[in-house]
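I have placed the structure first, in the form of structure tokens, so that the comments after it can refer back to it.
Because only heavy atoms are used, hydrogens play no part in the values below, and waters and symmetry mates are left out as well, while side chains stay in. Proteins come first, then strands; the chains are lettered A, B, ... in the order of their sequence lines, and each starts at number 1.
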Amino acid sequence: MIQEALEEIARGTAEIIDSERIEKLVTKYYNDGTTYTVKAGFDPTAPDLHLGHTVLLQKLATFQKFGGRVQFLIGDFTAMIGDPTGKSATRKVLTKEDIIKNITSYTQQAFKILDESKTDIVYNNDWLEALGSAGMLQLASNLTVARMLERDDFSKRYRSNTPIAVSEFMYPLLQGYDSVHLKSDIEIGGTDQKFNLLMGRQLQKAYEIKKQQAVLMMPILEGLDGVQKMSKSLGNYIGVIDAPKDIYGKILSISDELMWRYYELLSEMSLSDITKLQKDVSSRTIHPKTAKENLAFEITKRFYNEELATLAKEEFNSVFKAKKLPTEMLEFEMSNGIWVCQALVDAKLESSTSQARRDIKQNAVSIDQVKISDEKLNLETGEYILQVGKKRFAKIKVK
RNA sequence: GGUGAGUUAUUCAAGUGGUUAAAGAGAUCGGAUUGUAAAUCCGCCGGCUAUGCCUUCGAAGGUUCAAAUCCUUCACUCACCA
């Protein structure tokens, strides 16, 4: 039983520091029901969760199954300072209202995965503000500049002559101090957080709170391109609140190689079943596409339900396999005699009329599923289905 | 504070007075092929009812028939010195 729990906990992790401690905590829970705390920090600047975040959330949920109490830490203090990495000085510092709004939407999404009753939401502003300048300086004395420059992304940026703001040096310290204040037993984060996570251990020791958190790191989930990490700004993400058909479709569009990665990090299928599936695919017993469809279905189902996932699957097959029209698309009204290119822009299918012209030339635009070639076409009264490429559709009514 | 180098389109990066909307590469997008996969090949890749016109090369001025390219000021970045 305990063994099983530990295996589940270790699944998919990139690195665990002090796994003996995790073992002890879990064992204690099974022996006398004592719970322990698992901390994870979240930045309130990005209210849209994507699958990259869920890797972490799923791991937290696993801990919750085995006696962990999650400290869902909102980094509102650091958010209010503003991100020093952004070169644009104009970057908006978040107001209290913004943060509250973001958090509400954030937690709503997070509780699709986490058990709300075993989660404590905490805000680091509560104790970091009280720390004051003196406390801050004392904190800063725990670390040398040389040590700080050891951090991978700092040294990389330093070498490549990218600016590093001094305040950025404070981030790991503040994050570490959070662990001191919360007396966390375990902290989890992405591998890119290693330095910060270890800082928590170091500071807990320095502040003598009589425990040192175990650290569990999850790999960074690659985005749809399979190379860079999943992030909103790179546009290679699958959002938790994406429509079912988008989640389904986006997963099917990943490469086969990446599919296994997603299976490992996102699926709830047991590791041995995944290995078996992998074998079946390579021996051609199972078509890779089937494997991918199952994954897409499972994940869509997790964020919605079986019914909607089934619909998404059917929709996908009808649109892309049978080349039928999607059941739902945005509708727009236009006035009589509108120029096609303008109509495409107004229907948000194209960014500019120039782009629309180019796409028409490239044979990418269809009206009612018939490719058009005349870029000067004007539309008479009636209803049309405009399509650009394979994925973009809109219905327009010309009056 | 001093000295030097730099800031080009979505990103990296050429271009040092005129055939420059600006080489090359990547990303995105589209076409072919497929399993809407990957790989590959090809095209497009500032805007405008458009064989032309307009706006872009950190910002603002200036020199010139002509400026991304020269000059001045400002902003930002980096390096070395202090």
Side-chain angles (χ1 to χ4, degrees), chain A residues 84-91 154-166 168 222-238 245-263 278 281-282 284-297 312-326 334-346 348-366 369 371-379 386-393:
Chain A
T85 339
K87 278 182 223 158
S88 51
T90 50
R91 172 169 180 143
F154 279 148
S155 63
K156 261 191 205 139
R157 281 162 64 190
Y158 191 68
R159 265 183 275 131
S160 67
N161 295 344
T162 316
I164 302 171
V166 172
E168 285 181 81
E222 291 86 354
L224 298 173
D225 52 55
V227 181
Q228 285 177 288
K229 74 168 187 177
M230 183 176 283
S231 86
K232 202 184 172 191
S233 55
L234 290 171
N236 60 357
Y237 71 104
I238 301 175
K245 67 177 166 62
D246 288 332
I247 295 183
Y248 188 88
K250 281 180 183 175
I251 291 173
L252 269 200
S253 80
I254 63 175
S255 72
D256 288 1
E257 204 185 327
L258 190 59
M259 165 172 79
W260 298 116
R261 186 87 174 133
Y262 278 28
Y263 255 115
Q278 223 161 349
V281 167
S282 57
R284 305 204 172 247
T285 323
I286 291 177
H287 195 286
K289 197 184 171 216
T290 313
K292 209 181 283 177
E293 279 172 343
N294 292 342
L295 177 69
F297 188 82
K313 184 174 177 175
E314 282 168 5
E315 169 98 0
F316 181 88
N317 288 341
S318 97
V319 174
F320 294 106
K321 272 194 188 159
K323 302 241 191 262
K324 289 193 187 140
L325 292 168
M334 324 235 155
S335 48
N336 189 25
I338 189 165
W339 178 37
V340 225
C341 295
Q342 192 58 52
L344 288 166
V345 173
D346 289 351
K348 304 214 166 67
L349 296 177
E350 294 282 17
S351 53
S352 68
T353 56
S354 297
Q355 185 59 44
R357 276 168 189 267
R358 277 181 227 120
D359 280 339
I360 291 173
K361 266 189 211 147
Q362 295 197 92
N363 221 16
V365 178
S366 310
Q369 303 201 275
K371 298 270 185 197
I372 61 165
S373 54
D374 180 10
E375 61 189 53
K376 293 214 165 125
L377 189 71
N378 292 309
L379 297 176
L386 299 182
Q387 181 181 357
V388 180
K390 288 171 189 152
K391 296 174 193 161
R392 283 175 278 162
F393 298 88

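Nearest to the side-chain atoms of A:P288 among the listed nucleotides B:G35, B:C44, B:U49 stands B:G35. Taking every side-chain heavy atom of A:D359 into account, B:C29 is the closest of B:C29, B:G35, B:A50. In this structure, of B:A50, B:G30, B:G35, it is B:G35 that holds the atom nearest to the side chain of A:K289.
Applying the side-chain contact (heavy atoms from CB on, under 4.5 Å) rule to A:F393 yields the partners A:V319, A:L325, A:P326, A:M329, A:Q387; only residues at least two apart in sequence or on another chain are considered. Under the ring pair (Phe, Tyr, Trp, His ring centres under 6.0 Å) criterion, A:W339 pairs with no residue at all, not counting sequence neighbours. Scored by the salt bridge (charged side-chain N to carboxylate O under 4.0 Å, His left out) test, A:K313 finds no partners at all (sequence neighbours excluded). A:K348 meets the side-chain contact (heavy atoms from CB on, under 4.5 Å) test with A:F332; sequence neighbours excluded.
Against the 90° criterion about 0, the sugar-base torsion of B:U51 places it in the syn range.
Across the C1' atoms, B:C81 and B:U56 are found 39 Å apart, a figure rounded to whole Å. When the P atom is compared between B:C42 and B:C76, the two are found 46 Å apart, to the nearest whole Å. Rounded to whole Å, the separation between the P atoms of B:U33 and B:C45 comes to 23 Å. Between B:A13 and B:G17, the distance separating the two P atoms is 23 Å to the nearest Å. Comparing the C1' positions of B:A60 and B:G15 gives an interatomic distance of 24 Å, to the nearest angstrom. Atom P of B:G6 sits at a distance of 14 Å from the matching atom of B:U69, rounded to the whole Å.
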Would you tabulate the nitrogen or oxygen pairs shorter than 3.5 Å linking the protein to nucleotides 46-48 of chain B?
| residue | atom | partner | partner atom | Å |
| --- | --- | --- | --- | --- |
| B:G47 | OP1 | A:S352 | OG | 2.9 |
| B:G47 | OP2 | A:R358 | NH2 | 2.6 |
| B:C48 | OP1 | A:T353 | N | 3.3 |
| B:C48 | OP1 | A:T353 | OG1 | 3.2 |
| B:C48 | OP2 | A:T353 | N | 3.2 |
| B:C48 | OP2 | A:T353 | OG1 | 2.9 |
| B:C48 | OP2 | A:S354 | N | 2.7 |
| B:C48 | OP2 | A:S354 | OG | 2.8 |
| B:C48 | O5' | A:T353 | OG1 | 3.3 |

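In this structure, CD in A:Q278 is found 10.0 Å from OH in A:Y263, a value given to the nearest 0.5 Å.
Geometrically, A:K391 does not engage A:F320 in a cation-pi contact, judged by NZ or CZ lying under 6.0 Å from the ring centre and within 45° of the ring axis.
Mapping A:K371 and A:E375 onto RNA chain B by nearest heavy atom places A:K371 closer to the 5' end of the strand. Looking at which nucleotide of RNA chain B each of A:K376 and A:G389 is closest to, the 5′-most match is held by A:G389.
Residue contacts shown for A:I254 are limited to sugar-phosphate atoms, with no base heavy atom under 4.0 Å away. Nucleic acid contact class of A:K292 (heavy atoms, under 4.0 Å, all strands): base. A:G249 comes within 4.0 angstrom of a base, heavy atoms only. Using a 4.0 Å heavy-atom cutoff across all strands shown, A:D225 reaches no nucleic acid atom at all.
Applying the 3.5 Å distance criterion, the base of B:G43 shares a donor-acceptor pair with the side chain of A:Q362. No hydrogens or angles were tested; on distance alone, nothing pairs the side chain of A:N363 with the base of B:G30 as donor and acceptor under 3.5 Å.
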field: Intra- and inter-strand pairs of RNA chain B in dot-bracket (Watson-Crick or G-U wobble, both distances under 3.5 Å; | for another strand)
entry: ((((((((.[[[..)..(.....]]]..((((.......))))..(((...)))...[[[[[..)....]]]]]))))))).
query: Can you check side chain to side chain contact (heavy atoms under 4.5 Å, CB included) on A:M334 and A:Q342, steps first, answer last?
result: CA-CA 10 Å; A:M334 324 235 155; A:Q342 192 58 52; over 6 Å; no
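The separation between A:N236 atom CG and B:G26 atom P is 19 Å, rounded to whole Å. Distance, A:I372 CD1 to B:U49 C1': 14 Å, rounded to whole Å. Atom pair A:R357:CZ and B:C29:C1' shows a separation of 18 Å (rounding to whole Å applied).
Taking all atoms of both residues into account, the shortest heavy-atom contact from A:L379 to A:N336 is O-OD1, 3.6 Å. The nearest pair of heavy atoms linking A:L295 to A:M259 is CD2-O, 3.9 Å.
Under a 3.5 Å cut-off, the side chain of A:Y262 and the backbone N or O of A:E222 do form a donor-acceptor pair.
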